Amino acid sequence: MPTQSKTALVTGITGQDGSYLAELLLEKGYTVHGIVRRSSSFNTSRIDHLYRDPHEADTRLFLHYGDLTDGQNLTNLVLDVQPDEIYNLGAQSHVRVSFDAPAYTVQTVALGALNVLEAARQLSKTKPTRVYQASSSEMYGDVVETPQRETTPFSPQSPYACAKVYAFHQTVNYRNAYSLFASNGILFNHESPRRGETFVTRKITRAATRIKLGLQKKLYLGNLDAKRDWGYAKDYVEGMWRILQHDEPDDFVLATGETQTIRTFLDYAFGVLDLDWNDYVEIDPRYFRPSEVDLLLGDNTKAKEKLGWEPKTTCKELAELMIQHDLTLAHQELKRTSN
Ligand code: NAP
Ligand code: F7E
């Protein structure tokens with residue numbers, strides 16, 4: 001049953017997290033406005049199941065064209081929509097790609113966040129609003145302590161991480177300078193069947209299922225020794241929402257508190273299919289990064305204590321549910337190709 005009648009604005013609504021967050025907010029009775037980039041092909045597949053004819057009386061999801069790099073567009077949208085809550089999830093979010101396109105990454109991730117904060121500041125002159133900034137464990141980079149918590153100093157190792165550090169500090173600055181309710185969620189890696197296909201977990205689950213059905217022979221990967229604290233995106237969007245329901249703006253780590261290597265994720269994923277990944281995986285140096293983040297492991301104590309948030313899904317369960325989803329897709333692909 002809906003318990004809220006608030007309005008939220010979500011940047012990055014077509015992405016993994018945006019789609020799960022939109023579902024959660026609609027379930028809670030929110031009216032949801034999402035910003036979508038103009039693309040030459042359809043880019044709303046993750047939210048198509050939520051979208052209904054905007055002329056229907058009970059529609060509570062509205063999409064608007066916009067871009068994080070266009071500050072005027074964001075301010076116009078924020079002033080039109082008058083959101084109670086703004087979730088800034090939009091980003092060029094791929095770390096490896098950020099080395100190839102550093103300026104674009106900074107424009108979306110760093111200046112994009114500034115544009116959102118500035119739009120929120122304009123709105124807050126006439127109406128209170130709350131901002132969630134999608135900060136990242138990548139900011140810890142070459143980690144100074146383990147596990148990483150809210151007080152751990154940042155040591156970013158990529159253009160993406162440097163841009164996220166800027167956005168993090170600017171969020172704190174708007175909180176201090178303008179008393180804006182602006183909070184950072186410092187989220188460790190979180191995955192799902194909706195994860196982009198070029199991130200390592202999804203790349204693995206897609207390849208394992210396609211190999212199982214004879215649609216693919218090899219899987220080419222980079223560094224298998226990096227360790228990540230992997231959780232389930234659906235659990236993490238609940239944490240984002242809780243961060244904005246807290247009585248004061250603050251910064252929170254959301255993590256599982258467990259870390260695995262890429263090798264262990266390969267064990268989990270191929271194991272579900274009774275396959276040995278060593279028979280199929282080859283190393284391609286093209287997937288190495290100019291600088292790597294070797295180990296991420298989060299301490300979620302503060303989120304547990306202050307927000308009552310905790311992850312519900314283990315990494316092994318996550319690998320299993322991603323495999324089951326991708327196996328269905330692989331079966332569909334096989335059917336198409338054999339027709
Ligand atoms: P994602 O799947 O890559 O989604 C990114 C979203 O941003 C997409 O909707 C994308 O639109 C949109 N976008 C990209 N450039 C834009 C621009 N210039 N203007 C407006 N929108 C733009 O990312 P995600 O995994 O959902 O992550 C959500 C946020 O959390 C991101 O800010 C990410 O950096 C951050 N984060 C993610 C993780 C994680 O493990 N997933 C961890 C920590 C932080 P298109 O669909 O058109 O490409
Ligand atoms: O890489 C290694 C790679 O691209 C994970 C983003 O959501 O989480 C994500 O960033 C690890 C790295 O995620 C391949 O070198 C090996 O050590 O899945 P990823 P990421 O870089 O951790 C953070 C928290 C974010 O904020 C980001 O937005 O896997 N790896 N072989 C590979 N990675 C990829 N992508 N592809 C490979 O073939």
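Because the structure is predicted, anything quoted here is derived from the model rather than measured. Sequence positions, counted from 1, serve as the residue numbers for this chain. Every number for a ligand or one of its atoms is a count from 1 in the order of the listing.
The protein non-hydrogen atom at the shortest distance from atom 26 (O) of ligand 1 is Asp17 N, 2.8 Å. The protein atom (non-hydrogen) at minimum distance from atom 43 (C) of ligand 1 is Leu187 O, 3.1 Å. When hydrogens are left out, the protein atom nearest atom 16 (C) of ligand 1 is Arg37 CD, 3.4 Å; that is the closest non-hydrogen contact. Taking atom 20 (P) of ligand 2 as the reference point, the nearest protein heavy-atom neighbour is Asn189 ND2, 3.8 Å. When hydrogens are left out, the protein atom nearest atom 10 (C) of ligand 1 is Thr14 OG1, 4.1 Å; that is the closest non-hydrogen contact. Protein heavy atom nearest atom 6 (C) of ligand 1, with residue, atom name and distance: Gly12 CA, 3.6 Å. Remark: minimum distance from atom 19 (N) of ligand 1 to any protein heavy atom is reached at Leu68 N, 2.9 Å. Looking from atom 4 (O) of ligand 1 to the surrounding protein, the closest heavy atom is Gly15 CA, 3.4 Å. Counting protein heavy atoms only, atom 44 (C) of ligand 1 is closest to Ser135 O, 3.5 Å.
Among Val200, Ile186, Val97, the residue whose heavy atom lies closest to atom 30 (N) of ligand 2 is Val200. Heavy-atom proximity to atom 4 (O) of ligand 2, evaluated over Arg289, Lys203, His94, Arg96, is greatest for Arg289. Residue Asn223 holds the heavy atom nearest to atom 16 (C) of ligand 2 of all those in Val293, Leu221, Asn223. Heavy-atom proximity to atom 7 (O) of ligand 2, evaluated over Arg195, Glu138, Arg228, His190, is greatest for Arg195.
Considering backbone and side-chain atoms alike, Ile262 places every N or O at 3.5 Å or more from each N or O of ligand 2. Residue Thr201 places no N or O, backbone or side chain, under 3.5 Å from any N or O of ligand 2. Checked by distance only, ligand 2 and Tyr287 stay at 3.5 Å or farther apart across all their nitrogen or oxygen atoms.
Closest approach of Leu318 to Glu191, counting heavy atoms only: CD1-O, 3.6 Å.
Proximity of Lys164 to ligand 1 is established by a heavy-atom distance of less than 4.0 Å. Using a non-hydrogen distance threshold of 4.0 Å, Thr11 does not register as a contact of ligand 1. Distances from ligand 1 to the non-hydrogen atoms of Ser19 include no value under 4.0 Å. Contact annotation: Tyr160 has at least one heavy atom less than 4.0 Å from an atom of ligand 1. Assignment of Arg194 to the shell around ligand 1 is not supported, since no heavy atom sits closer than 4.0 Å. Note on ligand 1: Tyr65 sits outside its first shell, no heavy atom being nearer than 4.0 Å. Using a 4.0 Å heavy-atom cutoff, Leu89 is listed among the residues neighbouring ligand 1.
Less than 4.0 angstrom separates some heavy atom of Ser93 from each of these atoms of ligand 1: 1 (P), 3 (O), 23 (O), 33 (C), 34 (O). Shown in contact with Gly90 at under 4.0 Å from a heavy atom are these atoms of ligand 1, numbered in order with element: 7 (O), 32 (O). The Val95 neighbourhood of ligand 2 comprises atoms 10 (O), 21 (O), with distances under 4.0 Å to a heavy atom of that residue. If you number the atoms of ligand 1 from 1 as listed, the ones under 4.0 Å from a heavy atom of Tyr104 come out as 15 (N), 18 (N). Every atom of ligand 1 with a heavy atom of Gln16 under 4.0 Å away is listed here by number and element: 2 (O), 25 (O), 26 (O), 41 (N). The contact set between ligand 1 and Asn43, taken as ligand atoms under 4.0 Å from a residue heavy atom, comprises 47 (O). Counting atoms of ligand 1 from 1 in the listed order, those under 4.0 Å from a heavy atom of Asn189 are 40 (O).
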Inset, instruction - Begin with the C-alpha distance, continue with both residues' side-chain angles, and end with the deciding distance and a verdict on ring pair (Phe, Tyr, Trp, His ring centres under 6.0 Å) for Phe199 and Trp230. - result: CA-CA 12 Å; Phe199 295 95; Trp230 279 299; over 10 Å; no
Inset, instruction - Take Asn173 and Gln170, measure what side chain to side chain donor-acceptor pair (under 3.5 Å) needs, and give me the verdict at the end. - result: CA-CA 5 Å; Asn173 178 44; Gln170 202 60 273; 2.9 Å; yes
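With respect to Lys127 and Asp84, a salt bridge is recorded, a charged nitrogen being found less than 4.0 Å from a carboxylate O. Taking 4.0 Å as the cut-off between side-chain N and carboxylate O, Asp326 and Arg202 count as a salt-bridged pair. The existence of a salt bridge linking Glu85 and Arg130 is excluded, since no basic side-chain nitrogen approaches an acidic carboxylate oxygen closer than 4.0 Å. With salt bridges taken as basic N to acidic carboxylate O contacts below 4.0 Å, one links Glu138 and Arg228. The existence of a salt bridge linking Arg175 and Asp251 is confirmed by a sub-4.0 Å separation between a basic side-chain nitrogen and an acidic carboxylate oxygen. Between Arg38 and Asp67, none of the side-chain N atoms (NZ, or NE/NH1/NH2) sits under 4.0 Å from a carboxylate O, so this pair counts as no salt bridge.
A cation-pi arrangement is found for Lys28 relative to Trp241, the charged atom lying closer than 6.0 Å to the ring centre and inside a 45° cone about the ring normal. Both tests do not hold together for Lys234 against Tyr20: distance to the six-membered ring centre under 6.0 Å, angle to the ring axis within 45°. For Lys203 and Tyr220, the positive end is not near the middle of the six-membered ring at less than 6.0 Å and at most 45° from its axis.
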Give the table of side-chain donor-acceptor pairs shorter than 3.5 Å for residues 329-336, with sequence neighbours excluded, one pair per line with atom names and distance.
residue	atom	partner	partner atom	Å
Glu333	OE1	Arg210	NE	3.0
Glu333	OE2	Arg210	NE	3.4
Glu333	OE2	Arg210	NH2	2.6

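Side-chain contact, Thr152 with Glu145: a donor N or O sits under 3.5 Å from an acceptor N or O.
Rounding to the nearest 0.5 angstrom, the gap separating the CG atom in Asn300 from the CH2 atom in Trp309 is 5.5 Å.
Listed by chain and number, the hydrophobic cluster partners of Tyr65 come to none, as no ILVMFWY side chain reaches under 4.5 Å of it.
Remark: of the listed residues Ile186, Asp299, Leu187, Asp229, Ile186 is the sole one forming a side-chain contact (heavy atoms from CB on, under 4.5 Å) with Val253.
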